[in-house]
S.K.: 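Submitted below is the structure of interest, expressed as structure tokens.
The figures here come from the full heavy-atom set of this structure, side chains too, leaving out hydrogens, waters and symmetry mates. Each chain gets a letter, A, B and so on, in the order its sequence line appears, and its residues count up from 1.
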Amino acid sequence: MKSILTILSTRVLASLHAIGAEGDPLIRPSTDDKFGDYQSNCAMGLAKKLGQKPRDLAARIVEHLDVDDICDKVEIAGPGFLNFHLKPPFLAKCLQDIPALPQDAEADRLGIAPATPTETVVVDMSSPNLAKEMHVGHLRSTVIGDAVARVLEFAGHEVIRENHVGDWGTQFGMLVAYLRRENPAIADHPESLVISDLESFYIAAKKRFDTDETFKTESRETVVALQQGDPQTRVIWQAFCQESLRHCHDIYDRLQVKLIDRGESFYTDKMESVVATLDAMREKDPQGFIRDSDGALCVFLDGFNTRDGEPLPLIVRKSDGGFNYATSDLATILHRVESLKATRIIYVVGIPQKQHFAMVFSAVRKLGWAGPDISLEHLGFGSMLSKTGQPFKTRVGGTVKLKDLLNEAVARARSVLTQTTPEDQPQNRSAMTSDQADAIAETIGLAAVKYFDLSHALSSDYKFDLDMMVSMEGNTAPYMLYAYARIRSIGRKADVDWSSLPTDVPIILEHPTEMALAKKVLQFAEVYDLLVRDLRLNVLTDYLYELAKTFSRFYDKKHGVRIIDAPEESVRLSRLRLCDVTARTLKLGLHLLGIETVEQM
RNA sequence: ACGCCGGUAGCUCAGUUGGAUAGAGCAUCGGAUUUCUAAUCCGACGGUCGUGGGUUCGAGUCCCGCCCGGCGUACCA
């Protein structure tokens with residue numbers, strides 16, 4: 001299904017060609033109802049380029065415009081805006097063209113075609129350090145990365161969600177050494193390892209490391225053993241990593257996020273070869289952009305300076321011979337390009353690392369490891385702050401575990417659910433058992449956290465406010481889920497089976513709220529186009545909120561229309577169809593954001 | 001010092017290559033309820049878009065200066 005905006009763009013473009021002009025038709029939804037449904041802003045800019053009067057050019061565009069099948073009228077307004085007033089029958093036809101709900105409801109595309117051609121995209125996301133428990137700092141990358149992956153998957157691309165976990169480095173020597181001390185039998189039964197609290201395990205190990213010289217030495221020896229591939233050490237290390245990953249996947253499962261775990265350790269040999277290659281280049285050309293500096297192997301790139309104004313290098317081998325994250329990022333890019341055949345790599349990592357990625361990308365380009373046909377993108381996001389705008393910490397200044405945060409959100413959702421279902425008015429609500437309420441609260445609570453995050457512009461910091469996100473009012477997940485649940489409730493009450501609702505009934509758009517809802521539903525296609533182009537997820541949340549609000553008006557007893565007891569059967573069917581496409585749009589939109597719906601609340 | 005990001009209503013935030021009178025939610029105030037789930041809807045109030053210049057038919061958006069805040073600036077990731 002093409003968006004109305006796309007159709008109008010095509011028509012205006014054709015008209016521009018007819019009068020020998022070239023340019024973007026600049027079609028946008030009208031800023032005000034009195035300016036019609038869509039407007040074109042292209043005449044003013046074009047007129048200037050052509051040395052004509054804007055209104056004259058606008059008139060010529062209209063003269064050559066063929067939109068009789070779409071519009072009632074096209075007006076020229078102000079300095080040269082074109083205002084398009086859509087034909088209700090055209091909108092009705094567009095709605096009727098939305099295919100029926102497929103057998104597999106999960107496969108519902110609302111008539112939106114996949115992209116052509118498709119490509120292989122790597123989304124680098126989440127990436128916690130396995131030494132510790134996942135904390136709130138991993139929330140945004142996980143939630144945003146998942147939504148981006150879902151959007152691109154829906155567009156038809158092959159998406160590989162890479163969880164580049166930290167499972168390598170000196171701290172793992174310490175943890176393995178500590179594990180061996182605390183649990184000497186671990187090497188014989190690695191699969192039985194259970195660490196209930198990773199965080200306190202790490203803290204205990206660290207304390208020992210700082211206070212016990214013997215243990216410190218032991219830890220260092222363990223790191224060496226690990227790096228040399230000592231089988232017994234590796235078994236324990238692997239047991240630890242797997243246990244830590246189990247903790248992570250408890251959270252991923254809960255969030256319904258699917259990931260491929262590929263940790264640092266996977267790249268150890270690849271990092272060796274990256275450094276060997278660069279070192280060889282350095283030897284061949286000692287005065288080139290790859291040089292030794294203070295004992296470190298460095299790649300020097302234009303445009304990056306230290307605070308003293310000296311050239312700032314990308315260090316790929318530290319002076320102690322060790323590797324750092326630049327080394328591993330170079331190795332991952334090679335792997336993703338050469339082995340995974342990715343043509344687009346998206347890093348969902350916080351904005352503070354912007355410079356790092358700029359340097360890595362610059363190095364990769366300069367080295368020729370990724371040509372112009374490969375897109376490297378850092379999708380940076382802002383920080384999550386506390387409600388007061390301070391860094392997000394516990395009262396004692398520690399990091400907040402992601403698990404605790406999610407539990408808190410679900411508990412709040414549960415209490416909102418209880419509060420809004422007063423015992424003395426049970427008839428106001430669908431009957432709900434305590435278990436059902438728990439399950440619904442789980443969905444709402446997680447939805448609230450995700451939706452609140454995604455409804456902010458990616459690059460801005462936001463203040464984490466539980467009260468706000470679980471509220472039924474405003475641009476929140478509960479409001480959205482409620483709108484969806486209400487529609488489903490209408491279906492139950494009207495005793496209709498949505499999947500067998502006849503799709504060949506005429507759609508009647510007479511009431512203003514019917515028109516408004518029809519337009520809003522059809523707008524999904526253009527919002528989706530924008531979303532795929534820019535990956536600006538809040539564009540979708542804003543749209544879904546508008547859609548939910550538009551539905552609430554349509555459904556409102558005073559300003560809206562009757563549905564189940566509509567005056568005529570044809571009208572009833574038409575309105576039920578509107579309900580259906582609204583619900584499906586809400587469901588699909590939320591699904592693309594990684595948010596599940598509930599059938600009742 | 002340099003670089004990046006931000007400063008929009010009392011609060012939280014939108015604002016798509018520059019477009020018409022800068023939007024929404026919360027809060028406050030007023031209205032609608034014998035309910036197809038009022039968990040909602042309608043209305044009102046609320047702005048020198050940090051600041052001073054510039055570019056032009058038109059600037060929250062682009063350019064320059066300044067103020068304020070955050071982050072980054074060689075071997076932590």
S.K.: Applying a 4.0 Å non-hydrogen cut-off, can you work out what A:Asp565 is touching in the nucleic acid: base, sugar-phosphate, or nothing?
M.R.: nothing
S.K.: Of the candidate nucleotides B:C71, B:A74, B:A39, which contains the atom at the shortest distance from the side chain of A:Pro352?
M.R.: B:C71
S.K.: Give one of base, sugar-phosphate or nothing for A:Gly80, where a contact means two heavy atoms less than 4.0 Å apart.
M.R.: nothing
S.K.: Counting the atoms with a prime plus P, OP1 and OP2 as sugar-phosphate, which does A:Val561 contact under 4.0 Å by heavy atoms, base, sugar-phosphate, or nothing?
M.R.: base
S.K.: If you measure from the P atom in B:C4 to the same atom in B:C66, how many Å do you get, rounded?
M.R.: 14 Å
S.K.: Checking the side chain of A:Gln436 only, and the main-chain atoms of A:Thr433 only, is there a donor and an acceptor separated by less than 3.5 Å?
M.R.: yes
S.K.: Are A:Thr142 and A:Ser126 close enough that a side-chain donor and a side-chain acceptor fall under 3.5 Å?
M.R.: yes
S.K.: Does the side chain of A:Lys557 get closer than 4.0 angstrom to OP1 or OP2 of B:U40 through an N or O atom?
M.R.: no
S.K.: Reckon A:Ile563 touches a base, only the sugar-phosphate, or nothing at all at heavy-atom distances under 4.0 Å?
M.R.: base
S.K.: Do the side-chain N or O atoms of A:Ser552 get closer than 4.0 angstrom to the phosphate oxygens (OP1, OP2) of B:U40?
M.R.: no
S.K.: Please work out if A:Asp465 contacts a base, only the sugar-phosphate, or nothing of the nucleic acid, heavy-atom cut-off 4.0 Å.
M.R.: nothing
S.K.: Do the two ring centres, one from A:His335 and one from A:Phe266, sit under 6.0 Å apart?
M.R.: yes
S.K.: Mapping A:Lys549 and A:Gly78 to their closest nucleotides on RNA chain B, which lands nearer the 5' end?
M.R.: A:Gly78
S.K.: Measuring to OP1 and OP2 of B:U40, would you say a side-chain N or O of A:Tyr479 lies under 4.0 angstrom away?
M.R.: no
S.K.: For this output row, return yes or no: ring centroids of A:Tyr528 and A:Tyr543 closer than 6.0 angstrom.
M.R.: no
S.K.: Would you say A:Lys463 places a side-chain N or O within less than 4.0 Å of OP1 or OP2 belonging to B:U12?
M.R.: yes
S.K.: Looking at A:Arg562, I'd like to know whether one of its side-chain N or O atoms comes within less than 4.0 Å of OP1 or OP2 on B:C36.
M.R.: yes
S.K.: With nearest nucleotide decided by heavy atoms, which residue, A:His559 or A:Pro25, maps closer to the 5′ end of RNA chain B?
M.R.: A:Pro25
S.K.: Categorize A:Glu473 for me: base, sugar-phosphate, or nothing, with a 4.0 angstrom heavy-atom threshold over every strand shown.
M.R.: sugar-phosphate
S.K.: What about A:Asn83: does its side chain form a donor-acceptor pair under 3.5 Å with the base of B:A20?
M.R.: yes
S.K.: Can you give me the dot-bracket string for RNA chain B, 5' to 3', counting Watson-Crick and G-U wobble pairs with both distances under 3.5 Å, using [ ] for crossing pairs and | for partners on another strand?
M.R.: (((((((..((((.....[...)))).(((((.......))))).....(((((..]....))))))))))))....
S.K.: Locate the shortest heavy-atom distance separating A:Pro478 from A:Met601; write the atom from each residue and the value.
M.R.: O-CE, 3.9 Å
S.K.: At less than 4.0 Å, is any side-chain N or O atom of A:Arg553 found next to OP1 or OP2 of B:C42? Yes or no.
M.R.: yes
S.K.: Would you measure the distance from the P atom in B:G15 across to the matching atom in B:G50 and give it in whole Å?
M.R.: 15 Å
S.K.: Return the set of residues passing side-chain contact (heavy atoms from CB on, under 4.5 Å) with A:Val62 (not counting sequence neighbours), or none when no residue passes.
M.R.: A:Val74, A:Ile76, A:Leu82
S.K.: Base, sugar-phosphate, or nothing for A:Met44, non-hydrogen atoms under 4.0 angstrom?
M.R.: base
S.K.: Taking NZ, NE, NH1 and NH2 as the nitrogens, is one of them in A:Glu75 or A:Lys73 under 4.0 Å from a carboxylate oxygen of the other?
M.R.: yes
S.K.: For the pair made of CG in A:Asn475 and C1' in B:A24, what is the distance, rounded to whole Å?
M.R.: 8 Å
S.K.: Under 6.0 Å between ring centres: does that hold for A:Phe554 and A:Phe551?
M.R.: yes
S.K.: Return the polar atom pairs (N/O with N/O) between nucleotides 75-77 of chain B and the protein under 3.5 Å, or none.
M.R.:
{"residue": "B:C75", "atom": "O2", "partner": "A:Ser319", "partner atom": "N", "Å": "2.7"}
{"residue": "B:C75", "atom": "N3", "partner": "A:Ser319", "partner atom": "OG", "Å": "3.3"}
{"residue": "B:C75", "atom": "N4", "partner": "A:Asp294", "partner atom": "O", "Å": "3.4"}
{"residue": "B:A77", "atom": "N6", "partner": "A:Tyr325", "partner atom": "OH", "Å": "2.7"}

S.K.: Under a 4.0 Å N-O cut-off, is there an ion pair linking A:Asp467 with A:Arg412?
M.R.: yes
S.K.: OP1 or OP2 of B:U16 versus the side-chain N and O atoms of A:Asn538: is any pair under 4.0 Å?
M.R.: no
S.K.: Rounded to whole Å, how long is the line connecting atom CD of A:Gln355 with atom C1' of B:A74?
M.R.: 10 Å
S.K.: Within this structure, what is the CD1-to-P distance between A:Ile76 and B:C57, rounded to whole angstrom?
M.R.: 21 Å
S.K.: Which value, in whole Å, describes the distance between the P atoms of nucleotides B:G54 and B:U12?
M.R.: 33 Å
S.K.: Once you round it to whole Å, what is the distance between P of B:C4 and CG of A:Leu458?
M.R.: 20 Å
S.K.: Are OP1 or OP2 of B:A14 and a side-chain N or O of A:Ser460 less than 4.0 angstrom apart?
M.R.: yes
S.K.: Please state whether the phosphate of B:A14, meaning OP1 or OP2, lies under 4.0 angstrom from any side-chain nitrogen or oxygen of A:Arg536.
M.R.: no
S.K.: If you check every side-chain atom of A:Ala457, which of B:U40, B:G15, B:A20 has the closest atom?
M.R.: B:G15
S.K.: Parallel, tilted or perpendicular: which fits the ring planes of A:Phe357 and A:Tyr347, with parallel below 30° and perpendicular above 60°?
M.R.: tilted
S.K.: Determine the Euclidean distance between corresponding P atoms of B:C2 and B:A27; express it in Å to zero decimal places.
M.R.: 45 Å
S.K.: Strictly under 6.0 Å, is that where the ring centroids of A:His164 and A:Tyr267 end up?
M.R.: yes
S.K.: Measure from the side chain of A:Phe35, starting at C-beta and using heavy atoms only, and say which of B:A20, B:U33, B:C71 lies closest.
M.R.: B:A20
S.K.: For the pair A:Thr6 and A:Ser3, evaluate side chain to side chain donor-acceptor pair (under 3.5 Å) and give the outcome as yes or no after the intermediate values.
M.R.: CA-CA 5 Å; A:Thr6 302; A:Ser3 69; 2.7 Å; yes
